[in-house]
Protein chains: 2
Amino acid sequence: MAESPDIDILARSELFRGVPVEVLRELHAASFRRKFPAGETVFQQEDAVTTFYIVVVGRLRVTQTTLDGQQIIIRYLGPGDVVGYAALTGGAAHPGAVTAVDDSHLIGMPAAILRETMSRHSRIAMNAVTLMGERYQDLQLRLRELATEKVERRIAHTLLRLSQQAGRRTARGVEIAFPLSRQDLAEMTGTTLHTVSRTLSGWEVKGFVDSGRRRVIIAKPEALAEVAEEV
Amino acid sequence: MAESPDIDILARSELFRGVPVEVLRELHAASFRRKFPAGETVFQQEDAVTTFYIVVVGRLRVTQTTLDGQQIIIRYLGPGDVVGYAALTGGAAHPGAVTAVDDSHLIGMPAAILRETMSRHSRIAMNAVTLMGERYQDLQLRLRELATEKVERRIAHTLLRLSQQAGRRTARGVEIAFPLSRQDLAEMTGTTLHTVSRTLSGWEVKGFVDSGRRRVIIAKPEALAEVAEEV
DNA sequence: CACGGTCTTTGCGCCAACGCAATTAACCAG
DNA sequence: CTGGTTAATTGCGTTGGCGCAAAGACCGTG
């Protein structure tokens with residue numbers, strides 16, 4: 001109880017849920033804190049996997065870039081999330097880049113120590129399997145959306161999903177609580193910033209959303225849900 | 001060595017690699033064999049997770065279907081692959097359906113026993129994490145392709161990938177060793193069977209491929225690779 | 001070997017979304 | 001307050017790929 005606050009944070013993360021305190025203490029002893037101001041990069045695509053992080057506060061973006069510079073956003077990470085899942089799977093290089101989009105605090109530790117601890121305490125490994133399963137399902141869903149839905153619906157789905165994981169109630173509706181540009185939305189939905197801009201403008205007129213520079217407020221979630229689900 | 005052949009098969013699968021023989025024997029005791037003729041379904045989407053399988057021989061297709069009947073193919077499974085990863089992650093329902101596309105033999109066992117054994121032997125859990133990580137990366141790649149590439153390149157990439165995992169050298173080129181219709185390719189690449197048909201016809205003329213009813217032979221893999229990579 | 005079902009091919013018209021370009025708006029630093 | 005930078009909007013022409021439809025090829029079966 002009167003434990004270091006970092007141990008509490010670890011204990012509440014999905015990866016370390018249900019893990020005995022003494023094991024957490026052990027991990028904590030090897031860990032450190034690190035701040036990443038908005039815009040700073042945690043690691044680049046193809047970087048060697050040396051360190052593993054858990055988000056304490058803030059928001060980060062995972063991207064993947066092609067040889068010819070095209071970029072897509074794989075997902076956003078928030079408090080409690082694992083940063084650099086390759087450290088879990090034993091991968092040698094990071095398959096994507098991670099950048100802070102808001103000032104963030106992370107708890108870090110050497111990847112080797114995590115792997116070693118995980119192999120001695122199957123509860124961590126079991127949690128890791130569950131966690132990877134959830135992320136896998138997320139991607140399945142997005143793949144299906146991308147393959148079968150038109151742009152407008154994809155944007156609606158994406159906004160609703162973001163509002164689930166980072167929504168903040170305000171007087172004008174649910175606000176996505178981190179900077180989110182048209183370009184970002186385009187990279188999440190497989191379209192261009194132009195099309196996103198046009199779509200949001202359309203919704204703005206209808207009063208569904210209230211958006212500005214790197215900011216989106218969903219005024220009528222129900223209306224957006226209807227766009228997302230209509231046949 | 002003079003072990004049951006099924007134990008050998010388990011030992012060679014990615015999930016059970018490096019697991020002590022006595023553990024495999026234990027699992028084997030709870031397992032059974034089952035045949036699925038081509039076309040038969042192993043489980044449906046949303047089915048409760050009760051049984052877990054490893055492919056011995058054959059080929060199966062994992063699909064996901066939307067409410068309005070749109071379908072996409074998530075992946076194909078072959079010898080050594082895990083069928084029903086939800087049994088690993090502890091999921092309650094299968095997120096996709098699995099159907100045999102060729103006559104297949106599977107080794108099955110109760111999901112609960114697998115989970116229990118996995119939690120006692122972290123090597124299995126570690127393997128499961130690695131395995132899920134690989135599948136996750138596959139999806140990341142496909143998501144990126146779908147989001148950034150034109151149809152022709154996506155089809156080329158898909159065929160090349162299929163030839164990696166199920167290619168068979170023949171006099172006329174590398175043949176995809178299981179029935180694969182235009183519709184199937186469309187569901188893998190997020191397009192329509194019409195567009196796939198037109199694309200293959202085009203390649204046929206150029207001599208890149210040699211395709212027929214539910215059959216594709218890649219005559220010039222290098223040419224296809226060029227289509228896939230050209231800027 | 002003829003029949004019905006399942007795939008595949010191909011023509012044609014159409015439109016959602018892209019790509020380009022130019023303008024306007026918002027933010028920041030000094 | 002000003003100048004510079006980054007983000008957003010919007011108009012316009014183009015087009016890749018969809019959707020529909022009809023015909024042809026292939027296959028298993030009785």
Side-chain angles (χ1 to χ4, degrees), chain A residues 37-39 61 68-73 99 101-103 145-156 158-159 176 178-206 209-217 227 230-231, chain B residues 37-39 61 68-73 99 101-103 145-156 158-159 176 178-206 209-217 227 230-231:
Chain A
R61 175 174 50 204
D68 54 312
Q70 298 241 59
Q71 195 177 77
I72 69 160
I73 296 178
T99 311
V101 293
D102 251 351
D103 294 347
E145 283 181 12
L146 203 49
T148 64
E149 298 180 354
K150 291 215 192 304
V151 169
E152 190 180 24
R153 288 183 65 172
R154 300 208 299 266
I155 299 175
T158 301
L159 284 179
I176 311 277
F178 59 86
L180 181 73
S181 70
R182 305 292 182 267
Q183 177 69 35
D184 292 336
L185 272 170
E187 289 176 11
M188 296 188 78
T189 52
T191 179
T192 62
L193 78 160
H194 309 277
T195 301
V196 172
S197 180
R198 279 182 253 266
T199 306
L200 288 190
S201 295
W203 288 342
E204 197 104 19
V205 172
K206 295 188 195 165
V209 301
D210 177 359
S211 69
R213 190 187 173 86
R214 311 229 282 155
R215 215 174 31 76
V216 181
I217 298 172
V227 173
E230 80 197 352
V231 186
Chain B
R61 175 174 49 203
D68 54 312
Q70 298 241 60
Q71 194 177 78
I72 69 161
I73 295 178
T99 311
V101 294
D102 250 351
D103 294 347
E145 283 182 12
L146 202 49
T148 64
E149 297 180 354
K150 293 218 193 301
V151 168
E152 190 179 26
R153 287 182 65 172
R154 301 208 300 265
I155 299 175
T158 301
L159 283 179
I176 310 278
F178 58 87
L180 181 73
S181 70
R182 304 292 181 267
Q183 177 68 37
D184 292 336
L185 271 171
E187 289 177 11
M188 296 189 78
T189 52
T191 179
T192 62
L193 77 160
H194 308 278
T195 301
V196 172
S197 179
R198 280 182 253 265
T199 306
L200 288 191
S201 294
W203 289 341
E204 196 104 20
V205 172
K206 295 188 196 166
V209 301
D210 176 0
S211 70
R213 189 187 173 87
R214 311 230 281 155
R215 214 176 31 77
V216 181
I217 298 172
V227 172
E230 79 197 351
V231 187

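Below, chains carry the letters A, B, ... as their sequence lines are ordered, and counting in each starts from 1.
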Taking the side chain as every heavy atom from C-beta outward, state whether Leu200(A) and Leu185(A) have any pair of such atoms under 4.5 Å apart. yes

For the helix from dC1(C)-dG30(D) to dG30(C)-dC1(D), how many degrees between its two end axes (five pairs per end), to the nearest 10°? 50°

Measure the shortest side-chain to side-chain distance between Val227(A) and Ile155(A) over non-hydrogen atoms and say whether it is less than 4.5 angstrom. no

First of Lys150(A) and Ser197(A) reached from the 5' end of DNA chain D, by closest nucleotide: Ser197(A)

Atom-to-atom span, CH2 of Trp203(A) to P of dT9(D) - whole angstrom: 13 Å

Hey, which sits more toward the 5' end of DNA chain C by its nearest nucleotide, Arg182(B) or Thr191(A)? Arg182(B)

Listed by chain and number, what are the side-chain contact (heavy atoms from CB on, under 4.5 Å) partners of Glu149(B), not counting sequence neighbours? Glu145(B), Arg153(B), Arg154(B), His157(B)

So the contacted stretch of DNA chain C, first to last nucleotide with an atom under 4.0 Å from a non-hydrogen atom of chain B, runs from dG5(C) to dC12(C)

Measure from the side-chain N and O atoms of Glu204(A) to the backbone N and O of Ser211(A), and report whether any donor-acceptor pair falls under 3.5 Å. yes

Would a 4.5 Å heavy-atom cut-off, applied to side chains only, mark Trp203(A) and Leu159(A) as touching? yes

Could you run down nucleotides 20-30 of chain D 5' to 3' and tag each one B, S or - for protein heavy-atom contact under 4.0 Å? BB---BBS---

If you compare all heavy atoms of Gly190(B) against all heavy atoms of Ala147(A), which two are closest, and at what distance to 0.1 Å? CA-CB, 3.9 Å

What one should report as the nearest heavy-atom pair of Arg61(B) and Asp184(B) is NH1-OD1, 2.9 Å

Run the side chain to side chain contact (heavy atoms under 4.5 Å, CB included) test on Val151(B) and Thr189(B) for me, step by step, so that the C-alpha distance in whole Å, both residues' side-chain angles and the decisive distance to 0.1 Å come before the verdict. CA-CA 7 Å; Val151(B) 168; Thr189(B) 52; 5.6 Å; no

Under 3.5 Å donor-acceptor, Asp103(B) side chain and Ala38(B) backbone: yes

Could you work out, with salt bridge (charged side-chain N to carboxylate O under 4.0 Å, His left out) as the rule, every residue matching Arg182(A), not counting sequence neighbours? none

Contact nearer the 5' end of DNA chain D, comparing Arg215(A) with Val151(B): Arg215(A)

Mind calculating the distance between CG (Leu185(A)) and C1' (dA7(D)) to the nearest angstrom? 13 Å

Test side-chain hydrogen bond (donor to acceptor under 3.5 Å, both in side chains) applied to Asp210(B) - qualifying residues, sequence neighbours left out: Arg172(B)

